[in-house]
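What follows is a set of notes on a single structure, which appears directly below.
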Amino acid sequence: MMGRTVTLKLNQQQLELLDRTIAKGVAPDRVALVRLALRELAAKRATAGARS
């Protein structure tokens, strides 16, 4: 798997949303949560592309 650097610019409200999601146990930290979201997005796009 090729590594990529992703830079996010989030406002305070978005950071708080990430932190609340982490507090629920979805991921251990912000980096892991963003990686999870990117994997889910990629899987969703791959599924949508396969249907076309």
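Model, not experiment: these values are computed from the prediction. Keep in mind that the numbers below use all heavy atoms, side chains included, and drop hydrogens, waters and symmetry copies.
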side-chain contact (heavy atoms from CB on, under 4.5 Å) assessment of Leu17 paired with Gln14 | CA-CA 5 Å; Leu17 179 60; Gln14 291 166 323; 5.5 Å; no
Consider only side-chain heavy atoms of I, L, V, M, F, W and Y, link residues closer than 4.5 Å, and tell whether Leu41 and Leu18 are in one cluster.
-> no
Hey, are the side chains of Lys24 and Arg20 touching, using non-hydrogen atoms and a 4.5 Å cut-off?
-> no
Identify all side-chain donor-acceptor contacts of residues 26-34 below 3.5 Å with residues at least two apart in sequence or on another chain.
residue: Asp29; atom: OD1; partner: Val31; partner atom: N; Å: 3.3
residue: Asp29; atom: OD1; partner: Ala32; partner atom: N; Å: 2.7
residue: Arg30; atom: NE; partner: Asp19; partner atom: OD1; Å: 2.9
residue: Arg30; atom: NH2; partner: Asp19; partner atom: OD1; Å: 3.3
residue: Arg30; atom: NH2; partner: Asp19; partner atom: OD2; Å: 2.8

